Amino acid sequence: MTTTDVHGRDLRYFLAVAEELHFTRAAEKLYVSQPALSKQIRALERQLGAPLFDRGRQGVALTPVGTALLPHARAALAAWEEGREAVRRAREAADGTLVVGMSTSPGRGGLLPAIRSRFTEAHPEARLKLRQVAWEDPTAGLAGGTSQDGVLGGGSSDVAFVWLPLAGADRFRWVVVAAEPRLVALPATHPLAARESLDFAELLDEPFLALPDTSPELRDHWLALDCRGGRPPVIGAEIGGVDETYEALVGGLGVCLVAAGNAPLLAREGVVVRPVRGLTPSHLVLAWRADDTRPLVRGYARAAAELSPRET
């Protein structure tokens with residue numbers, strides 16, 4: 001047996017142990033048993049003719065051989081994922097599928113059906129696939145392509161509804177589909193909840209719910225750092241979805257800013273939403289990768305551009 005027989009699974013197992021430096025945690029991460037993982041790592045070491053890990057009472061550590069292998073294992077797996085993504089895109093392009101990513105439904109009085117109607121009129125052969133993406137990915141799947149530094153992102157959308165500011169803006173193009181004021185959502189029991197509207201200055205000392213720090217630009221926007229005059233925000237909790245945000249509000253963990261079009265998602269029992277003076281607006285855009293010139297991508301972007309931004 002030669003080293004050319006090493007499989008992607010072997011490299012994934014090695015990478016998990018190298019990152020965790022703990023066989024049990026690595027096994028849990030991979031959803032395999034610890035004995036099976038250890039057996040596979042030993043088999044890989046026999047193939048390579050050298051130990052990859054020192055296993056001692058002080059814990060697990062990479063050997064010099066393991067350290068040498070680590071960047072190449074990462075590069076090989078990244079290249080394979082890039083290949084799989086290229087195959088997926090080619091397959092979906094062949095059958096006329098366009099994947100539309102979003103973190104929450106665009107809503108806004110039928111925005112999505114309106115774009116779909118215009119798009120399908122021009123491309124009746126195309127199929128649209130909607131993909132819900134977690135808030136941890138501010139690009140709603142667009143980063144699933146290859147970035148300029150060769151690192152793969154966590155999704156695979158062709159176009160996506162996202163909020164500005166968009167991280168890595170030079171990699172994308174977009175058209176604004178909604179321009180809306182930022183409102184504030186508060187627990188119904190909050191002392192300021194009885195007010196009809198608020199000045200942002202009244203909220204500066206309030207604990208705020210913050211987006212994941214995977215996108216510092218977007219996190220800062222929804223904390224309104226541009227309107228705080230240099231005063232740092234107080235973070236009450238981190239949020240990763242609509243329901244999590246609602247529960248944090250009801251639980252009194254903080255307040256949060258929300259675009260006017262998304263206010264109905266949070267304005268449920270126990271939560272109120274109020275206008276705020278002294279804030280710049282938010283912008284929802286339809287974005288796509290700058291180097292993606294496929295007709296379906298451009299067609300969907302044109303359909304979105306036909307709808308004027310809504311000032312509310």
Side-chain angles (χ1 to χ4, degrees), residues 1-91 133-157 166-172 210-220 235 238 240 289-291:
M1 183 177 289
T2 68
T3 55
T4 57
D5 296 317
V6 173
H7 298 154
R9 180 188 61 182
D10 301 320
L11 295 180
R12 283 194 297 272
Y13 283 13
F14 163 71
L15 194 58
V17 179
E19 290 175 345
E20 296 293 335
L21 292 179
H22 194 285
F23 275 81
T24 300
R25 287 198 300 267
E28 292 173 350
K29 183 178 180 180
L30 294 164
Y31 298 102
V32 299
S33 69
Q34 189 271 328
L37 174 60
S38 296
K39 180 179 179 180
Q40 201 68 35
I41 293 296
R42 286 195 298 270
L44 178 59
E45 289 174 326
R46 286 195 299 271
Q47 286 180 265
L48 297 176
L52 298 171
F53 298 99
D54 284 326
R55 306 162 176 82
R57 293 182 178 179
Q58 303 303 317
V60 177
L62 282 165
T63 65
V65 172
T67 300
L69 176 61
L70 184 58
H72 299 287
R74 285 179 172 147
L77 289 174
W80 171 243
E81 290 302 320
E82 183 177 357
R84 289 207 310 178
E85 172 64 9
V87 168
R88 182 201 68 79
R89 291 178 63 184
R91 187 176 65 245
V133 182
W135 285 8
E136 283 79 6
D137 178 6
T139 73
L142 288 181
T146 307
S147 67
Q148 291 178 340
D149 58 5
V151 177
L152 287 177
S156 51
S157 301
L166 187 57
D170 57 328
R171 296 169 48 203
F172 306 105
L211 290 175
D213 59 9
T214 48
S215 176
E217 299 92 343
L218 204 58
R219 178 184 172 106
D220 290 351
I235 306 301
E238 192 171 276
R289 285 180 283 270
D291 61 355

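The shown structure was predicted, so the numbers you read here are calculated from the model rather than taken from an experiment. Values below: every heavy atom of this structure, side chains too, minus hydrogens, waters and symmetry copies.
- Annotation: the span from Arg46 atom CZ to Ile41 atom CD1 amounts to 11.5 Å, rounded to 0.5 Å.
- Between Glu20 and Glu28, every side-chain heavy-atom pair lies at or beyond the 4.5 Å cut-off.
- Atoms CD and CG, on Glu217 and Leu166 in that order, are 8.5 Å from each other to the nearest 0.5 Å.
- Ala167 approaches Phe172 most closely through the heavy-atom pair O-CE1, 3.4 Å.
- Ring geometry for Phe53 against Phe23 counts as perpendicular: the plane angle is over 60°, on a 0 to 90° scale with 30° as the lower cut.
- Remark: Leu21 CG to Arg55 CZ distance equals 12.0 Å, nearest 0.5 Å.
- Using a distance-only test at 3.5 Å, with no hydrogens or angles considered, no donor-acceptor pair links the side chain of Ser215 to the main chain of Pro138.
- In this structure, the side chains of Arg74 and Glu19 come closer than 4.5 Å at one or more pairs of heavy atoms.
- Annotation for Pro212 and Arg219: closest pair C-NH1, 3.9 Å, computed over non-hydrogen atoms.
- How far NE2 of His72 is from CZ of Phe14: 10.5 Å, rounded to the nearest 0.5 Å.
- Considering all non-hydrogen atoms of both residues, Ala18 and Leu62 come closest at CB-CD2, 4.1 Å.
- In this structure, the separation between CH2 on Trp135 and CG on Leu218 is 10.0 Å, given to the nearest 0.5 Å.
- Of all non-hydrogen atoms in Leu37 and Ala27, the two that sit nearest each other are CD2-N, 3.5 Å.
- Between Gln34 and Ser38, the side chains place a donor N or O and an acceptor N or O closer than 3.5 Å (distance only, hydrogens not considered).
- Side-chain contact check for Gln47 versus Asp10: some heavy-atom pair is nearer than 4.5 Å.
- Nearest heavy atom pair, residue Ser157 against residue Val133, reads OG-CG2, 4.4 Å.
- Taking CZ from Arg289 and OG1 from Thr139, the interatomic distance works out to 8.5 Å, rounded to the nearest 0.5 Å.
- Of all heavy-atom pairs spanning Ala143 and Asp137, the tightest one is CB-OD1, 4.5 Å.
- Under the 4.5 Å side-chain criterion, counting only non-hydrogen atoms from C-beta, Leu69 is in contact with Leu48.
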